[in-house]
2 protein chains.
Amino acid sequence: MIRRSARRMTRQRKIVLEELRKVTSHPTADQLHQMVRRRLPGINIATVYRNLEILTDEGEVMKLDVAGTQRRFDGNALNHYHIRCSRCGRVDDVHMDVVDSLEEAAAKACAYTVLSHTVEFVGICPGCRDGN
Amino acid sequence: MIRRSARRMTRQRKIVLEELRKVTSHPTADQLHQMVRRRLPGINIATVYRNLEILTDEGEVMKLDVAGTQRRFDGNALNHYHIRCSRCGRVDDVHMDVVDSLEEAAAKACAYTVLSHTVEFVGICPGCRDGN
DNA sequence: TTGCAATTGCGATGCACTTGCAATAAGAAT
DNA sequence: ATTCTTATTGCAAGTGCATCGCAATTGCAA
Ligand SMILES: [Mn+2]
Ligand SMILES: [Mn+2]
Ligand SMILES: [Zn+2]
Ligand SMILES: [Zn+2]
């Protein structure tokens, strides 16, 4: 029989998750590494990456592959949409309903079995627009 | 006064564009490099990248930053949606109407000035589904 | 407590893309 | 046609983000 290896809740993994859950800013791995380091000075960036990978496939967090930039991570694993500022690169949540009907429309418009979808808006954040 | 440098239509640029326009497959830069090399054996990958960059900001082609994979290029610069096969990675067009109302909804649901949006579907392509 | 596989820190490596530079060539001016 | 300017090229080296190999450590089940 196939057995998945038993996961351990290490100090590192716990704090990576806690720090990511604390913010709504969709940090990159190295931003998160800085945050975690305040509590765990010796932690290595590779450990942060490895844990984010594991937490992602456990469904605890979400990987965001933002167009043309460094990968970001989201402590909220429920599907929701994002907007990226084209000036400064920050990424924020868009608090609108997910449009599931897009997937039905797509299923009719191509030959694939449709499984999921993501939407990324691009715009100008308030800070950049109002000049700060 | 600011003047943009005059663009030259080099043999390389012309053929990169022609080869990209020939296909509907959204090739990566090195796939396109292989294609172009059949007509221009000496062309370097850096030249392909540079020309794709230039053609993109001239609006002739489109860069696709597909979630978690190598960048792909699209000879059709008009906004349309894509679907990626989670098994084999191929990317195809989804021939459905672009839902502009998403941007209005997003504008109400966040503080950004919304400029554009992209949708990426994920699914299983016919080839992978039907086992080839 | 003990045993042992999962996990870590660290350095090395990989990969996709970008850049510096001298040589080349597009295309406007003559 | 020829000359001239400078955008563009090929090549090699460089960047940056992410991943990997490995010996040492550690969670945790027995
Ligand atoms: Mn989010
Ligand atoms: Mn397309
Ligand atoms: Zn901004
Ligand atoms: Zn497939």
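Letters A, B, ... are given to chains in the order of the sequence lines, protein chains preceding strands, and every chain is numbered from 1.
Here T10(B) does not reach the OP1 or OP2 of dA25(C): none of its side-chain N or O atoms lies under 4.0 Å away. Regarding contacts with the backbone of dA7(D), every side-chain N or O of R11(B) stays at 4.0 angstrom or more from both OP1 and OP2. A close approach under 4.0 Å does not occur between any side-chain nitrogen or oxygen of Q12(A) and OP1 or OP2 of dT7(C).
Looking at R13(A) and I54(A), their side chains come closer than 4.5 Å, going by heavy atoms from C-beta outward.
Nearest-nucleotide positions on DNA chain C for D30(B) and M9(B) put D30(B) closer to the 5' end.
Nearest nucleotide to the side chain of R7(A), out of dC17(C), dT8(D), dT7(C): dT7(C). Closest to the R8(B) side chain, of the nucleotides dT9(D), dT5(D), dC28(D), is dT5(D).
Taking atom CD on E53(B) and atom P on dT9(D), their separation rounds to 13 Å, with Å as the unit. Between the CZ atom of R71(A) and the C1' atom of dT19(D) there is a distance of 10 Å, given to the nearest Å. To the nearest angstrom, P of dA16(C) lies 15 Å from CG of D65(A). Atom pair Q70(A):CD and dT18(C):P shows a separation of 14 Å (rounding to whole Å applied). Summarising the geometry, the separation between CD1 on I15(B) and P on dG10(D) is reported as 11 Å, rounded to the nearest angstrom. In this structure, K63(A) places its NZ atom 13 Å from C1' of dC17(D), rounding to the nearest Å. Rounded to whole Å, the distance from CZ on R13(B) to P on dA26(C) is 12 Å. What separates CD1 of I54(B) from C1' of dT8(D) is a distance of 8 Å, to the nearest Å.
With hydrogens and angles left out, the side-chain atoms of N44(B) and H33(B) include no donor and acceptor closer than 3.5 Å.
With a 6.0 Å radius and a threshold of 12 heavy atoms from other residues, nucleotides or ligands, R11(A) has its CZ atom at or below the threshold. Applying the 6.0 Å contact sphere to CZ of R21(A) captures more than 12 heavy atoms from other residues, nucleotides or ligands.
The existence of a salt bridge linking E19(A) and K22(A) is confirmed by a sub-4.0 Å separation between a basic side-chain nitrogen and an acidic carboxylate oxygen. A salt bridge is absent between D74(B) and R72(B): the closest approach of a Lys/Arg side-chain nitrogen to an acidic carboxylate oxygen does not fall below 4.0 angstrom. Using a 4.0 Å cut-off between charged nitrogen and carboxylate oxygen, K14(B) and E18(B) count as a salt-bridge pair.
Of the residues in residues 39-52 of chain A, A46(A), Y49(A), R50(A) come within less than 4.0 Å of DNA chain D through at least one heavy atom, sorted by number.
Under the Watson-Crick and G-U wobble criteria, each requiring two contacts below 3.5 Å, nucleotide dA22(C) is paired to dT9(D).
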